[in-house]
Amino acid sequence: MSGNIKRVGFLISATGGGHKAAANAIAAGLEHHYPGRFKFDYIDLFREYTPPPWRYAPEIYPRWVHYNVASYSAFFWSSERLLRTPLGRDATLAHIARRRIARLMEDHHPDLLVVLHGAFTRFAVAARAALGASIPIITVVTDLAKPHLGWYHPGVDRCLVPCEPAYHRGIAAGVPPEKLRIVGHPAHPKFALYSDTKPDARRRLGWDKDLPTVLLVGGGEGMGRIADTATAIDRARLGAHLVVVCGRNEALRTRLSARQWREPTDVYGFVDNMEVMMRAADVLITKAGPGTIAEAAISGLPMILNGAIPLQESPNIGFVVHNRAGVYAKRPERIVVVLQQWLGDEAVRSQYVAGAEKIAYPNAAFTIADEIAAHATTPQPLRAG
Ligand code: UDP
């Protein structure tokens with residue numbers, strides 16, 4: 001291996017798919033701008049370097065959110081409060097983190113750490129100080145409008161945030177302005193690079209080329225009121241094509257696939273061509289997940305947000321609504337009313353298309369790649385764009 005190749009350690013967690021997806025997006029951005037110049041390690045910090053019960057966070061998180069979201073949100077809230085107490089401060093953390101991060105460094109020998117989980121920033125900074133190491137640390141915040149305070153620490157080299165509210169929260173949390181930069185959510189570059197027109201995308205998917213198309217999703221796990229919403233839309237006879245993406249929720253996919261629909265309806269499980277589906281659709285119905293919102297914005301797809309994890313995702317609703325990239329409608333009957341308005345009047349829908357485009361950061365993964373390259377002191381990019 002050439003001495004020029006730098007090792008990027010992504011500090012991720014398999015608690016939901018978003019942290020790994022962000023790492024994949026950044027890796028693709030680096031590979032596009034600096035082919036062959038970086039090597040990537042996906043380091044699941046909870047799984048590999050923490051004791052129980054943290055080690056089981058990937059198993060606990062989806063069940064917790066699914067079965068008792070109120071207590072998860074209470075935990076989310078109290079973990080922010082904890083950061084303001086002596087127990088949450090760096091001295092304690094450094095003590096805990098030192099041995100484990102030392103092992104991580106030995107295992108992976110990263111040239112640079114990219115923090116992609118709000119629980120890990122302090123852990124990484126404290127451990128670096130305790131070890132006397134000089135490795136650069138870049139935090140890439142993957143929450144959207146009101147990221148957890150744990151994301152922010154003045155000791156990182158760079159803190160890259162998705163939008164203005166996240167920037168101001170960083171300032172309030174004490175991150176020096178010169179370390180903060182708004183770059184957008186790290187959506188995969190395939191959304192920005194996908195060049196098919198809407199008719200071409202529909203042809204590729206085998207979808208009706210003339211019917212208005214509604215895309216209904218619930219994050220990677222197929223969460224939220226998908227079945228109720230699909231049923232209400234079907235009953236309303238909107239004259240539209242409904243596409244339901246159930247993600248990894250196999251039970252939901254099986255149930256909805258077996259149903260007789262009155263209107264043209266397609267049901268999918270987990271798909272890996274979301275950029276094509278978003279280009280082909282006219283309206284998106286989704287929970288307020290940061291990844292899906294960012295991808296829809298890049299695709300110029302207006303959104304109906306029908307739910308959110310309280311505190312973690314709910315501030316994203318205000319962000320989308322404020323920017324007129326979409327509306328909030330939780331109840332299926334209300335969603336049907338919005339669809340009637342948007343599909344019945346192109347001028348109304350276009351206003352929300354413009355709002356979606358306004359909050360889009362199509363180059364986020366490339367900008368983040370350039371930041372990493374600059375901090376890893378790697379030579380100039382081989383390609384532009
Ligand atoms: N996703 C996907 N295929 C699916 C369903 C979802 O690739 O069948 C992707 C979606 O494009 C987005 C991510 O899963 O990148 C969902 O992220 P989000 O932050 O919206 O919600 P989460 O699943 O993390 O709660």
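One-based numbering, in listed order, for ligands and for the atoms of each.
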Ligand 1 polar-atom proximity to protein (N/O, under 3.5 Å):
{"residue": "ligand 1", "atom": "3 (N)", "partner": "Val271", "partner atom": "O", "Å": "2.7"}
{"residue": "ligand 1", "atom": "7 (O)", "partner": "Val271", "partner atom": "O", "Å": "3.4"}
{"residue": "ligand 1", "atom": "8 (O)", "partner": "Val271", "partner atom": "N", "Å": "2.8"}
{"residue": "ligand 1", "atom": "11 (O)", "partner": "Glu295", "partner atom": "OE1", "Å": "2.6"}
{"residue": "ligand 1", "atom": "11 (O)", "partner": "Glu295", "partner atom": "OE2", "Å": "3.4"}
{"residue": "ligand 1", "atom": "15 (O)", "partner": "Glu295", "partner atom": "OE1", "Å": "3.4"}
{"residue": "ligand 1", "atom": "15 (O)", "partner": "Glu295", "partner atom": "OE2", "Å": "2.5"}
{"residue": "ligand 1", "atom": "19 (O)", "partner": "Pro290", "partner atom": "N", "Å": "3.4"}
{"residue": "ligand 1", "atom": "19 (O)", "partner": "Gly291", "partner atom": "N", "Å": "2.9"}
{"residue": "ligand 1", "atom": "20 (O)", "partner": "Thr292", "partner atom": "N", "Å": "3.0"}
{"residue": "ligand 1", "atom": "20 (O)", "partner": "Thr292", "partner atom": "OG1", "Å": "2.6"}
{"residue": "ligand 1", "atom": "23 (O)", "partner": "Gly220", "partner atom": "N", "Å": "2.8"}
{"residue": "ligand 1", "atom": "25 (O)", "partner": "Lys287", "partner atom": "NZ", "Å": "2.8"}

Requested in this report: Give a yes or no on this: more than 12 heavy atoms of other residues, nucleotides or ligands lie within 6.0 Å of atom NE2 of His109.
Outcome: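 Count over threshold, so yes.
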
Query raised in the report: With distance as the sole test, does Asp44 use its side chain to make a donor-acceptor pair with the main-chain N or O of Ala14 at under 3.5 Å?
Result: yes

Query raised in the report: Residues in salt bridge (Lys or Arg N to Asp or Glu O under 4.0 Å) with Arg103, at least two apart?
Result: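 Counting only residues at least two positions away or on another chain, Arg103 forms no salt bridge (Lys or Arg N to Asp or Glu O under 4.0 Å).
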
Query raised in the report: salt bridge (charged side-chain N to carboxylate O under 4.0 Å, His left out): which pairs involve residues 8-30, sequence neighbours left out?
Result: none

Query raised in the report: Which is it for Arg324 and Glu357 under the salt bridge (charged side-chain N to carboxylate O under 4.0 Å, His left out) test, yes or no, and what are the steps along the way?
Result: CA-CA 10 Å; Arg324 294 186 65 78; Glu357 286 168 354; over 6 Å; no

**Report entry** side-chain hydrogen bond (donor to acceptor under 3.5 Å, both in side chains): pairs with one or both residues in residues 138-148, sequence neighbours excluded
**Finding:** Ser79-His148, Asp143-Trp151

